[in-house]
Amino acid sequence: MSRVAKMPVAVPSGVDITINEAHISVKGAGGNLSIANNALVKVVHSADRLSFEPANETREANAMSGTLRQLVNNMVVGVTKGFEKKLNLVGVGYKAAAQGNKLNLAVGYSHPVNFDMPSGIKVETPAPTEIIIKGADRQRVGQIAAEIRAVRPPEPYKGKGIRYSDEKIVIKETKKK
């Protein structure tokens, strides 16, 4: 059995979990999230914990039990605490401004780049060169952060661009004559 699937998911108070044949739904203060249930995994809901077991002894069922356990754990953490990604803008004149659910970027192009945030995702700019993306769904927060970073990824010679706050850019040496 997957070692990840052996650990049960703790369900804190204030979080409601609904399990049926098609979906697993998690409802909490941070919102509502759901995921498709897999027939290869048996989900057992006891008082304040969820446990995941493979339905049969195949390799796929073993792998899916750990995968589904981690996805449900991310949903529980998302509706209680939420997830966030921080991005930094490095470059002369690079700045970001959040207005409601829109993000405006000025990153060296001849035009500003505008992003509309989907529902459930919040964006903040505490400083003009810092972007914070928050939400309950870990996958969507990471995907939006990756799309914003792709507008101007960091270049290897000066390091200018949009980068994750914990990302280290290896600066290349320029060509010598």
Side-chain angles (χ1 to χ4, degrees), residues 2-20 22-38 41 43-52 63-90 94-107 113-154 161-169:
S2 167
R3 289 184 224 156
V4 173
K6 288 183 180 183
M7 296 184 297
V9 174
V11 180
S13 61
V15 175
D16 297 329
I17 296 182
T18 307
I19 302 169
N20 60 23
H23 294 289
I24 299 174
S25 299
V26 178
K27 186 186 296 184
N32 301 335
L33 298 173
S34 66
I35 191 170
N37 202 351
N38 197 317
V41 181
V43 182
V44 179
H45 183 40
S46 62
D48 61 345
R49 59 183 47 202
L50 287 173
S51 58
F52 297 84
M64 279 308 299
S65 63
T67 301
L68 191 64
R69 182 250 179 230
Q70 193 59 40
L71 292 174
V72 171
N73 186 48
N74 286 342
M75 291 191 322
V76 170
V77 171
V79 298
T80 55
K81 299 177 191 168
F83 293 100
E84 74 174 29
K85 285 275 191 181
K86 293 182 182 178
L87 298 168
N88 292 332
L89 280 68
V90 177
Y94 287 14
K95 60 185 175 184
Q99 290 124 6
N101 64 348
K102 289 185 183 263
L103 177 67
N104 300 326
L105 297 172
V107 287
V113 180
N114 299 321
F115 269 99
D116 291 328
M117 293 296 134
S119 62
I121 303 292
K122 296 176 187 165
V123 65
E124 298 173 0
T125 53
T129 60
E130 190 175 335
I131 303 169
I132 300 176
I133 303 161
K134 295 181 180 181
D137 191 350
R138 185 175 189 171
Q139 192 272 332
R140 288 179 72 199
V141 168
Q143 183 65 37
I144 294 294
E147 289 172 5
I148 292 172
R149 182 185 180 273
V151 169
R152 181 70 86 169
I162 302 173
R163 63 175 79 167
Y164 297 113
S165 63
D166 57 352
E167 185 177 12
K168 301 286 187 242
I169 305 298

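Being a predicted model, the structure only gives us computed values, none of them experimental.
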Closest non-hydrogen contact found for Val4 with Gly66 is CG1-O, 3.8 Å
Is there a side chain to side chain contact (heavy atoms under 4.5 Å, CB included) between Val72 and Val43 once you walk through the steps? CA-CA 11 Å; Val72 171; Val43 182; over 6 Å; no
Glu84 and Lys86 have their tightest heavy-atom pair at OE2-CE, 3.3 Å
CG (Asp137) and CD (Gln143) are apart, to the nearest 0.5 Å, by 11.0 Å
For this session: State whether the side chain of Arg140 and the backbone N or O of Ser119 hold a donor-acceptor pair below 3.5 Å, judged by distance alone.
Result: yes
Q. Run the side chain to side chain contact (heavy atoms under 4.5 Å, CB included) check on Val123 and Phe115 step by step: do they pass?
A. CA-CA 10 Å; Val123 65; Phe115 269 99; over 6 Å; no
Closest non-hydrogen contact found for Arg69 with Met7 is NE-O, 2.9 Å
How about Thr129 and Val90: do any of their side-chain heavy atoms sit closer than 4.5 Å?
no
Distance col, row Leu103:CG vs Met117:CE, nearest 0.5 angstrom, shows 5.0 Å
Rounded to the nearest 0.5 Å, the OG1 atom of Thr125 sits from the CD1 atom of Ile131 at a distance of 8.0 Å
Nearest heavy-atom contact between Val77 and Phe83 is CG1-CZ, 3.8 Å
Before you tell me yes or no, could you show the steps for Lys27 and Val79 under side chain to side chain contact (heavy atoms under 4.5 Å, CB included), namely the whole-Å CA-CA distance, both residues' side-chain angles and the distance that decides it to 0.1 Å? CA-CA 7 Å; Lys27 186 186 296 184; Val79 298; over 6 Å; no
On a heavy-atom basis, the closest approach of Thr80 and Val15 is CG2-CG2, 3.5 Å
Exercise for the section: Start with the C-alpha gap between Leu50 and Ile24, add the side-chain angles, then the distance that decides, and say whether side chain to side chain contact (heavy atoms under 4.5 Å, CB included) holds. Expected result: CA-CA 11 Å; Leu50 287 173; Ile24 299 174; 5.5 Å; no
Could you tell me whether the side chain of Asn32 reaches within less than 4.5 Å of the side chain of Ser25, counting heavy atoms only?
no
Taken to the nearest 0.5 Å, the spacing of Tyr164 OH from Asn88 CG works out to 12.0 Å
- Is a donor on one side and an acceptor on the other found under 3.5 Å between the side chain of Arg152 and the backbone of Val107? yes
Here the gap from Lys122 atom NZ to Asn101 atom CG, rounded to the nearest 0.5 Å, amounts to 12.0 Å
- Query: Does Arg149 reach the main-chain N or O of Leu87 with its side chain, forming a donor-acceptor pair under 3.5 Å?
  - Reply: no
Residues Asn38 and Leu68: closest non-hydrogen pair is N-CD2, 4.5 Å
- prompt: Does the side chain of Gln99 reach to within under 4.5 Å of the side chain of Asn104, using non-hydrogen atoms?
  reply: yes
d(Ile148 CD1, Ile133 CD1) to nearest 0.5 Å is 3.5 Å
Problem - Pairwise side-chain contact, Val9 with Ile17, heavy-atom cut-off 4.5 Å (strictly under) - result: no
- prompt: Do Ile144 and Pro118 come within less than 4.5 Å of each other through their side chains, counting heavy atoms only?
  reply: yes
